[in-house]
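Take a look at the structure set out below.
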Protein chains: 2
Amino acid sequence: MPTPHYGQPRYRTIADELRRRIESGEIAPGTLLPTERALTAEFQASRGTIRKAIAALQSEDLVVTEHGRGTCAIQQRHESVADGKADRGKRQIPADSDLAAIFAIDVGAILIEEQRITRARGTVQEVTRVYRIPLAAQ
Amino acid sequence: MPTPHYGQPRYRTIADELRRRIESGEIAPGTLLPTERALTAEFQASRGTIRKAIAALQSEDLVVTEHGRGTCAIQQRHESVADGKADRGKRQIPADSDLAAIFAIDVGAILIEEQRITRARGTVQEVTRVYRIPLAAQ
DNA sequence: AGAAATTTGTCCGTATGTATC
DNA sequence: AGATACATACGGACAAATTTC
C-alpha cells in the first residue's frame, strides 16, 4: 500500500477509534491500551502511524505513556463520580524554588493551585494539581 | 550513525538550537525557517528527526507550519530564556504527609509524578502535576 | 491558465537504544 | 538476566499544497 490518504489520514481515524473505545469505557480508565505491536496488527498500519495516533490522544490528555510499560487510559475529567463528592479544591500557595523557576517569578510569590482527586471504586487513582499565576498578577 | 541517544535525543538538541535562533532574533519573527531539506543537510539528521524537532517548537507555539509553504517563526513577547527545562517530565518522589493522606499510604512511600508545562507564545501558562502509585506497588 | 518545481504531509520498513517487568 | 514494550533514528516512496516559471 503506497500512501492513499484521501480525506482523512490514517493515524487520525485510528486515533478516533481508540478515543471512542476509551470514552465508551471499552478501554476502562486506568487500564493499559493494547501494545503498539498489537495495534499495528489490528489496524494493519505501521508502528509509526500507530504512534502518531497515540500521540494525538496524549495531547488531548486522554492517555499517558510510560517507557517500558505501555499506554494507559486516563480517568476522564468531567465524569461525575458515583459518590458525587467532588474531590476538588482550590487554594493559594507560595511558589517554591522549583515552581518559581518554571514560571520565572520570585520564590514565595502567590500561585493558584487546583487539585483534583480521581477515584475508582473508592480507591484513589490520581491526584492532579494544576498551578498557574493569579489573573490579578498578570 | 545508528542511534546513540545518550542523555538527550537528537531531535531535542536540534529543537533547542532552533529555539535559540528564534529567541535571539537570528531567525526574525515572521520569517520562514530553513526548509526541512536544508535542515537535514545542516544537522546531518534524517527528515523525520528534523520534523520531530519542529513539532516540539510547534507545541510551544513558537512556530507555525503551512503545507506547501514552510515553517514560520511567530512573533513573541520577550520573556526569560528557556532554561532548557523539559516541558514534560516524570520522576519518582516520596509522598509528603499531604499526598500520603490522600492515597492512604505511608509518608515517604514512592509516588510517580508526571509534570507537564503548557506554554503560550513562549510564556508558561500552567504547570500540571499528576501523582499516582507505581503499578508495581499495586 | 497551466506545467513544473518546491515544500510539507503521510506512510512504510528496518534497526537499535532504553526502560520496565 | 531475559523478555517485553516504548523511544529514537534512518531511508525511501508517494500525496497534497504552494510557489514559481
Side-chain angles (χ1 to χ4, degrees), chain A residues 1-18 27 31-59 63-74, chain B residues 1-18 27 31-59 62-74 86-92 110-114 132-138:
Chain A
M1 250 170 290
T3 314
H5 52 283
Y6 307 111
Q8 196 166 241
R10 212 112 111 69
Y11 72 86
R12 197 175 296 276
T13 60
I14 294 172
D16 289 343
E17 168 60 15
L18 292 176
I27 296 177
T31 65
L32 292 174
L33 271 64
T35 66
E36 294 176 353
R37 190 164 170 281
L39 292 173
T40 61
E42 176 184 351
F43 291 103
Q44 288 292 300
S46 77
R47 202 181 148 211
T49 300
I50 297 296
R51 283 177 63 78
K52 249 200 137 185
I54 291 177
L57 302 181
Q58 289 168 352
S59 70
V63 301
V64 181
T65 300
E66 288 177 53
H67 199 142
R69 232 180 64 75
T71 297
C72 183
I74 292 293
Chain B
M1 230 103 41
T3 316
H5 53 284
Y6 307 110
Q8 197 164 242
R10 202 102 183 280
Y11 72 86
R12 197 177 299 274
T13 61
I14 294 173
D16 290 344
E17 169 60 17
L18 292 176
I27 296 177
T31 66
L32 292 175
L33 271 64
T35 67
E36 295 176 355
R37 189 164 170 282
L39 293 173
T40 60
E42 175 183 352
F43 291 102
Q44 288 293 300
S46 75
R47 200 181 151 209
T49 300
I50 296 296
R51 284 177 62 78
K52 247 197 139 186
I54 292 177
L57 303 181
Q58 288 167 353
S59 71
L62 215 63
V63 300
V64 285
T65 300
E66 289 174 56
H67 199 146
R69 245 179 59 82
T71 297
C72 183
I74 292 293
D87 272 3
R88 294 185 105 99
K90 185 176 69 167
R91 56 180 173 173
Q92 300 186 355
I110 297 299
L111 289 175
I112 301 284
E113 181 199 78
E114 289 200 48
R132 58 175 199 283
I133 296 173
L135 292 158
Q138 286 184 340

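Any value given below was found using the heavy atoms of this structure, including those in side chains, with hydrogens, waters and symmetry copies removed. In the text below, chain A, chain B and the rest are named by the order of the sequence lines, each starting its count at 1.
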With side chain to side chain contact (heavy atoms under 4.5 Å, CB included) as the criterion, how do Y11(B) and R51(B) come out once you've worked through the C-alpha distance, each side chain's angles and the decisive distance to 0.1 Å? CA-CA 8 Å; Y11(B) 72 86; R51(B) 284 177 62 78; over 6 Å; no
If I take atom [atom1] in residue [X] and atom [atom2] in nucleotide [N], what distance separates them, rounded to the nearest angstrom?
X      : N       : atom1 : atom2 : result
I50(B) : dT7(C)  : CD1   : P     : 15 Å
I14(B) : dA9(D)  : CD1   : C1'   : 10 Å
L33(A) : dT4(D)  : CG    : P     : 20 Å
K52(A) : dT8(C)  : NZ    : C1'   : 11 Å
H67(B) : dT7(C)  : NE2   : C1'   : 8 Å
R12(A) : dT10(C) : CZ    : C1'   : 11 Å
R47(B) : dT7(C)  : CZ    : P     : 11 Å
E36(A) : dG13(C) : CD    : C1'   : 15 Å

Answer yes or no: does a side-chain N or O of Y11(A) lie under 4.0 Å from OP1 or OP2 of dC11(C)? no
R10(B) vs dC10(D): side-chain N/O to OP1/OP2 distance below 4.0 Å: yes
For side chain to side chain contact (heavy atoms under 4.5 Å, CB included), just list the numbers for T35(B) and L39(B), CA-CA rounded to whole Å, side-chain angles, deciding distance to a tenth of an Å, and then say yes or no. CA-CA 6 Å; T35(B) 67; L39(B) 293 173; over 6 Å; no
Report the C-alpha distance between T71(A) and L32(A) in whole Å, list the side-chain angles of each, state the deciding distance to 0.1 Å, and finish with yes or no for side chain to side chain contact (heavy atoms under 4.5 Å, CB included). CA-CA 6 Å; T71(A) 297; L32(A) 292 174; 5.9 Å; no
Let me spell it out: for each of T71(B) and G68(A), pick the nucleotide of DNA chain C with the closest heavy atom. Which residue's pick is nearer the 5' end? T71(B)
Mind checking the CD1-CD1 spacing from I54(A) to I14(A)? Nearest 0.5 Å is all I need.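 Here the interatomic distance stands at 9.5 Å.
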Among dC12(C), dC6(D), dT10(C), the one nearest R51(A) by side-chain distance: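 Selected nucleotide: dC6(D).
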Nearest of dC10(D), dT10(C), dG17(C) to any side-chain atom of T49(B)? dC10(D)
Should E114(B) and R91(B) count as an ion pair when the cut-off is N to O under 4.0 Å?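 Salt bridge: no.
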Categorize G48(B) for me: base, sugar-phosphate, or nothing, with a 4.0 angstrom heavy-atom threshold over every strand shown.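 It contacts nothing in the nucleic acid.
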